[in-house]
There are 2 protein chains.
Amino acid sequence: MTENKPPMDPRGALDPASCTCANLRKAARAVTQAYDDALRPSGMKSTQFTLLAALAKLGDMPLTKLAEVLVMDRTTLTRNLKPLLGKGWVGATRDADQRVRRIALTGAGRQAHDTALPLWRSAQSRLVGRLGPERWSGFLGDLSEAIAATQER
Amino acid sequence: MTENKPPMDPRGALDPASCTCANLRKAARAVTQAYDDALRPSGMKSTQFTLLAALAKLGDMPLTKLAEVLVMDRTTLTRNLKPLLGKGWVGATRDADQRVRRIALTGAGRQAHDTALPLWRSAQSRLVGRLGPERWSGFLGDLSEAIAATQER
DNA sequence: GGTCATAAGGTGTATATGCACTTATAATAC
DNA sequence: GTATTATAAGTGCATATACACCTTATGACC
């Protein structure tokens, strides 16, 4: 095909009102509030559930590795872990390599995760249902693609 | 050929790895960093550019109204305005109704916006180009739809 | 006109986010 | 075997985000 021209303005793509970043952040705010609201009975926020779920699925790992997986700044993760450490939901141990801080889910952490799971499912299925599975699936793929686009070069 | 990427079934949709909120936030982090990086020479961050652009397009308005437009908590906006007030890019005046704080772009603010605009365009066109205008357009629509989904009910 | 509900806004607290800089440990060079 | 470099992590600072609670100004009601 012959569409490798420099970016034009297909649908006001160069109008700040169409800013991908602003619209992404706006959606993140709105959706985060919906999920936080659903998770409220569990005493945790969306970000915290995300961390527990990642550890539950991937197992314990060094802090930097976890930050990479989450596409999150290392220092952000350090601070996001604080409330979880305080609640005893995660533990941190020094590795053989004394520089490495290995992060792991505790028993209480797994229990908290399991408690929150049905609440999360409620919020998730509501949103998936509202978008429709087909559109939702494409949406998730677009999010991944947007991330990939920023990671290259 | 179409079942190893994002889960299409409602079943896969209920795996926390497919969390819409987590993936949205992840993408927001990644894309924000890309835009912040592009905007760095202007001395402003993506969030700040978004505020200036909204005021430039919509004109001055009460704080609460602006927060509504941006789907942002009122108190978040209060604090996000602080650095802009400090730089003299926006001004705040009391309305006839003394409760209302009207937010407006200053001359310096418009100038800062105009300076940042080409930097923003660079980041935006790079991302739109990587996704392709067609896919990007659908992506933006999905973001709006996700927001709408959280606002109803 | 006084009482009271409502609407606009601010503050306290807590978490989320990332850059610049620093510290501690390991690996490598010589 | 020490000097250098590279890696993992933490801290200081600034901004972003929102809930709970408080203050003040309007407007409605009698």
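We name chains A, B, ... by the order of the sequence lines, and we start the count at 1 in each one.
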Inset, instruction - With a 4.0 angstrom cut-off to heavy atoms of chain B, pull out the first and last contacting nucleotide of DNA chain D, in 5'-to-3' order. - result: D:dT15 to D:dT26
Inset, instruction - Specify the closest pair of heavy atoms between A:Leu143 and B:Ala27, including all atoms of both residues, with the distance to one decimal. - result: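 Nearest heavy atoms, A:Leu143 then B:Ala27: CD2-CB, 3.8 Å.
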Legend entry - Considering all heavy atoms, the nearest A:Leu52-A:Gly109 contact: CD1-O, 4.0 Å
Inset, instruction - Indicate whether any N or O donor in one side chain lies under 3.5 Å from an N or O acceptor in the other, for B:Gln33 and A:Thr150. - result: no
Inset, instruction - Would you indicate whether the side-chain heavy atoms of B:Gln48 and B:Pro83 approach each other to under 4.5 Å? - result: yes
Legend entry - Heavy-atom check, side chain of A:Ile103 versus side chain of A:Thr93, under 4.5 Å: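 A side-chain contact under 4.5 Å is absent here.
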[atom1] of [X] versus [atom2] of [N]: gap in Å, rounded?
{"X": "A:Leu81", "N": "C:dA16", "atom1": "CG", "atom2": "P", "answer": "10 Å"}
{"X": "A:Arg29", "N": "C:dA16", "atom1": "CZ", "atom2": "C1'", "answer": "14 Å"}
{"X": "A:Met72", "N": "C:dC19", "atom1": "CE", "atom2": "P", "answer": "13 Å"}
{"X": "B:Arg25", "N": "C:dG18", "atom1": "CZ", "atom2": "C1'", "answer": "14 Å"}

Is [Y] paired with [X] through a side-chain N to carboxylate O contact shorter than 4.0 Å?
{"X": "B:Arg29", "Y": "A:Asp73", "answer": "no"}
{"X": "B:Arg130", "Y": "A:Glu152", "answer": "yes"}
{"X": "B:Asp95", "Y": "B:Arg101", "answer": "no"}

Inset, instruction - Report the end-to-end axis angle of the helix from C:dG1-D:dC30 to C:dC30-D:dG1; each axis comes from five terminal pairs, and the value is rounded to 10°. - result: 0°
Inset, instruction - Step through the shown structure and confirm whether more than 12 heavy atoms of other residues, nucleotides or ligands are within 6.0 Å of NZ on B:Lys65. - result: no
Inset, instruction - Could you tell me whether B:Ala96 contacts a base, only the sugar-phosphate backbone, or nothing, with contacts defined as non-hydrogen atoms closer than 4.0 Å? - result: sugar-phosphate
Inset, instruction - Go along nucleotides 5-15 of chain C 5' to 3' and tag each nucleotide: B for a protein heavy atom under 4.0 Å from its base, S when only backbone or sugar atoms are that close, - otherwise. - result: --BSBBBBB-S
Legend entry - Transitive ILVMFWY side-chain link B:Val71 to B:Met61, under 4.5 Å: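 In one cluster with B:Val71: B:Met61, no.
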Inset, instruction - Please figure out whether A:Gln98 or A:Ser46 has its closest DNA chain C nucleotide nearer the 5' end. - result: A:Ser46
Inset, instruction - Measure the OG1-NZ distance between A:Thr50 and A:Lys45 for me, rounded to the nearest 0.5 Å. - result: 12.0 Å
